[in-house]
Trainee: 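Handing you a structure now.
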Amino acid sequence: MSFRYFPHTDEDLKEMLRVVGVDSLDALYAEVPEELKLQRELDIPAAKSEVEVMAAAEALARRNKPLVCFAGAGAYDHFTPSVIPYLASRSEFSTSYTPYQAEISQGTLQYIFEYQSMMAELTGMDISNASMYDGSTATAEAMMMCVASAKKRRRVLISETVAPNVRQVVATYARFHGVELDTIAASEGVTDKNDLDAKLAAGDVAGVICQQPNCYGLIEDFSGFADACHNEKALFVLNTKAQALGVLKTPGEWGADIACGDAQTLGIPLCFGGPYIGYLCTKNALVRKMPGRLVGATTDADGRRCFVLTMQAREQHIRREKATSNICTAQGVMCLYVAAYLSLMGPEGLRKVCEHAYSGAHVLEEKLLATGKFEKVFARDYFNEFCLRYKGSVDALLAACAEQGYLAGVKAGDSDDLLLVAVTEKRTEEEMNRLCEIIKSL
């Protein structure tokens, strides 16, 4: 055998080539045009010692430039208590692809059960699943639940104030599932209730999707939205920043049928873009339409408390044509992070983190406006993220601040002068003052 980790011997290769009717690997790839072939050996370096590999990895890591993060738009620089990675590394919580064998998966099943219980309480809904990839796919799955529940109606309304990346993913799902997706207009940065009512009155609507806080960071008032939807036999879906539910009205209190979104704000670090975890919670009446895993508590033959997959057959996860969704990968470690974070923080701790972020954001907004280089865009209140109009190019501003070690925010909307800024519990007054000094000097 030529290579230690390649299982096929020369005899194996010859036999496989014989079966497909060619006498060499070159003949196997004869139909590939020559200009597409590499025409040289792969540039694979020689084997290195462990010390050399670690030194090379550290050299690559030093090329990263850490920035003080005031960016948000769906991914936020929150603090992860050090005990969480420790708990996530314990052997009893080792994740499996799908914990079908309950007798050897009790650790995995227990933390999924605890995660689901806490997410249901946090959202004010009856039940939660596990294993959504992220907030955007969870929202797309909520759309599919609306259509599955409505049966013949295949039109879904989504607010213009839902984050652009979420709307794009939802639109992709809609396109390939034959769903007609229509946009509810925005007015002064929030969902236009009059436009919603008009589109609902036109009929054939299976569901309505809104976001809280919305893509501009604004806190929307959804009074009457659920009633308007239900009067037309449509479901109301609310995508919500998970951490904000520590202080904001829950989707259940707004009368939503489905709550969804990203739970990255609950103790998951930025991690260069992921992985994160989407959450999906709903009312009991829709449980059979819900994709992903559901874990329940029961007792074993000896009367001891234990946990099992419930409400779904195994085929739910492996037979695509029979499944409510083709999502079947377990976001197990992320479930564990969220469950550990919520259990450590508790309602009071989560409220304090939210209050710190809220007050910090409002302090920073005042400081930025005082530089004379910004002006307010919206009059409504926000949670920990706000939008300002910059008197110049946002691209130039972001580049200049990054050179000084600060990620000042992200561009908002299609305009070149709108800046979206986020503040978390990690940001200090000194960092806010330094950011303002950098901007004043531009």
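In this text, all values refer to a predicted model and were calculated from it rather than measured experimentally.
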Trainee: So Leu342 and Glu114, side-chain contact (heavy atoms from CB on, under 4.5 Å) or not? Walk me through it.
Mentor: CA-CA 10 Å; Leu342 287 174; Glu114 301 294 354; over 6 Å; no

Trainee: Contact between Gln404 and Leu435 at the side-chain level, heavy atoms closer than 4.5 Å - yes or no?
Mentor: no

Trainee: Do side-chain atoms of Ser89 reach the backbone of Tyr86 as a donor and acceptor pair under 3.5 angstrom?
Mentor: yes

Trainee: With a 4.0 Å cut-off on N to O distance, would you call Arg434 and Glu437 a salt bridge?
Mentor: yes

Trainee: Before accepting this row, confirm whether a basic side-chain N of the pair Glu431/Lys426 lies closer than 4.0 Å to the acidic partner's carboxylate O.
Mentor: no

Trainee: Does Glu385 reach the main-chain N or O of Ala73 with its side chain, forming a donor-acceptor pair under 3.5 Å?
Mentor: yes

Trainee: If every non-hydrogen atom of Ala244 is compared with every non-hydrogen atom of Cys354, which pair is closest and at what distance?
Mentor: CA-SG, 4.4 Å

Trainee: Answer yes or no: does atom CD of Glu425 have more than 12 heavy-atom neighbours from other residues, nucleotides or ligands under 6.0 Å?
Mentor: yes

Trainee: So does Glu403 get a backbone contact from the side chain of Lys65, meaning a donor-acceptor N/O pair under 3.5 Å?
Mentor: yes

Trainee: Rounded to the nearest 0.5 Å, what separates atom CE in Met54 from atom CD in Glu52?
Mentor: 12.5 Å

Trainee: Please answer whether the main-chain N or O of Ile184 pairs with a side-chain N or O of Asp195 as donor and acceptor at a distance below 3.5 Å.
Mentor: no

Trainee: Quick one: does Val394's side chain get under 4.5 Å of Leu418's, heavy atoms only?
Mentor: no

Trainee: Measure across Ala120 and Ser128 and return the closest heavy-atom pair with its distance rounded to 0.1 Å.
Mentor: N-CB, 4.1 Å

Trainee: Do Lys289 and Thr282 come within less than 4.5 Å of each other through their side chains, counting heavy atoms only?
Mentor: no

Trainee: A side-chain contact here means heavy atoms from C-beta on lying under 4.5 Å apart; do Val162 and Asn239 qualify?
Mentor: no

Trainee: Looking only at heavy atoms, which two atoms of Leu218 and Gly189 are closest? And how far apart?
Mentor: CD1-O, 3.5 Å

Trainee: Charged N to carboxylate O under 4.0 angstrom, Arg389 versus Asp417?
Mentor: yes

Trainee: Using every non-hydrogen atom in the two residues, find where Glu141 and Pro291 come nearest and quote the distance to one decimal.
Mentor: OE1-CG, 3.6 Å

Trainee: Taking Asn384 for its side chain and Val423 for its backbone only, find out whether a donor-acceptor pair lies under 3.5 Å.
Mentor: yes

Trainee: Give a yes/no verdict on a cation-pi contact between Lys249 and Phe222, requiring under 6.0 Å between NZ or CZ and the six-membered ring centre and an angle within 45° of the axis.
Mentor: no

Trainee: Please state whether the rings of Tyr406 and Phe70 are parallel, tilted or perpendicular, taking 30° and 60° as the class boundaries.
Mentor: parallel

Trainee: Roughly how far, to the nearest 0.5 Å, is CE of Met144 from CZ of Arg154?
Mentor: 6.0 Å

Trainee: Thr240 versus Tyr279: any side-chain heavy-atom pair under 4.5 Å?
Mentor: yes

Trainee: Do Leu369 and Lys376 have side chains that get closer than 4.5 Å, going by heavy atoms?
Mentor: yes

Trainee: Can you tell me how far SG of Cys229 sits from CG of Leu157, rounded to the nearest 0.5 angstrom?
Mentor: 8.0 Å

Trainee: Assess whether side-chain contact (heavy atoms from CB on, under 4.5 Å) is satisfied between Val377 and Tyr216, documenting all intermediate values.
Mentor: CA-CA 10 Å; Val377 182; Tyr216 300 111; over 6 Å; no

Trainee: Do the side chain of Tyr76 and the main chain of Gly74 share a donor and acceptor less than 3.5 angstrom apart?
Mentor: yes

Trainee: Taking atom types as modelled, is there a side-chain donor on Glu365 or Tyr382 under 3.5 Å from an acceptor on the other?
Mentor: yes

Trainee: Just wondering, more than 12 heavy atoms not from Lys440 lying within 6.0 Å of its NZ?
Mentor: no

Trainee: Hey, is the main chain of Gly346 close enough, under 3.5 Å, to the side chain of Arg351 for a donor-acceptor pair?
Mentor: no

Trainee: Could you go step by step and tell me if Thr265 and Thr424 meet the side-chain contact (heavy atoms from CB on, under 4.5 Å) rule?
Mentor: CA-CA 10 Å; Thr265 52; Thr424 70; over 6 Å; no

Trainee: Could you pull out the closest heavy-atom pair between Ala256 and Lys283, with the gap in Å?
Mentor: O-CE, 3.4 Å

Trainee: Just checking, is any N or O donor in the side chain of Asp395 or Ser393 under 3.5 Å from an acceptor N or O on the other one?
Mentor: no

Trainee: Test of understanding: with side-chain hydrogen bond (donor to acceptor under 3.5 Å, both in side chains), list the residues that count as partners of Asp381, not counting sequence neighbours.
Mentor: Tyr358, His362

Trainee: Hey, is the main chain of Cys436 close enough, under 3.5 Å, to the side chain of Thr371 for a donor-acceptor pair?
Mentor: no

Trainee: Working note: Arg427 + Asp77, criterion side-chain contact (heavy atoms from CB on, under 4.5 Å); need CA distance, chi angles, decisive distance, verdict.
Mentor: CA-CA 9 Å; Arg427 300 287 69 87; Asp77 187 23; 2.8 Å; yes

Trainee: State, yes or no, whether a side-chain contact exists between Gln116 and Ile127 at a heavy-atom distance under 4.5 Å.
Mentor: no

Trainee: Can you tell if the side chain of Gln106 reaches within under 4.5 Å of the side chain of Phe307, non-hydrogen atoms only?
Mentor: yes

Trainee: Tell me the closest heavy-atom pair linking Glu253 and Thr250, and the distance in Å.
Mentor: OE1-N, 2.8 Å

Trainee: Any carboxylate oxygen within less than 4.0 angstrom of a Lys/Arg side-chain nitrogen, looking at Asp416 and Lys411?
Mentor: yes

Trainee: Distance check, rounded to the nearest 0.5 Å: Leu122 atom CG versus Cys281 atom SG?
Mentor: 8.0 Å

Trainee: Does this structure show an ion pair linking Asp221 with Arg380, if we count only N-O contacts that are shorter than 4.0 Å?
Mentor: no

Trainee: Side chains of Glu220 and Thr161: is there a donor and an acceptor less than 3.5 Å apart?
Mentor: yes

Trainee: Check for a donor-acceptor pair, side chain of Gln264 on one end and backbone N or O of Tyr276 on the other, with a separation under 3.5 Å.
Mentor: no

Trainee: Inspect the surroundings of CD in Glu188 and state if more than 12 heavy atoms from other residues, nucleotides or ligands are less than 6.0 Å away.
Mentor: no

Trainee: To the nearest 0.5 Å, tell me how far Leu109 CG sits from Thr298 OG1.
Mentor: 12.0 Å

Trainee: Distance from Met345 atom CE to Gln243 atom CD, nearest 0.5 Å?
Mentor: 8.0 Å

Trainee: Checking Gln212 side chain against Leu238 main chain: does a donor-acceptor pair fall under 3.5 Å?
Mentor: no

Trainee: Any chance NZ of Lys352 has more than 12 other-residue heavy atoms, nucleotides or ligands included, within less than 6.0 Å?
Mentor: no

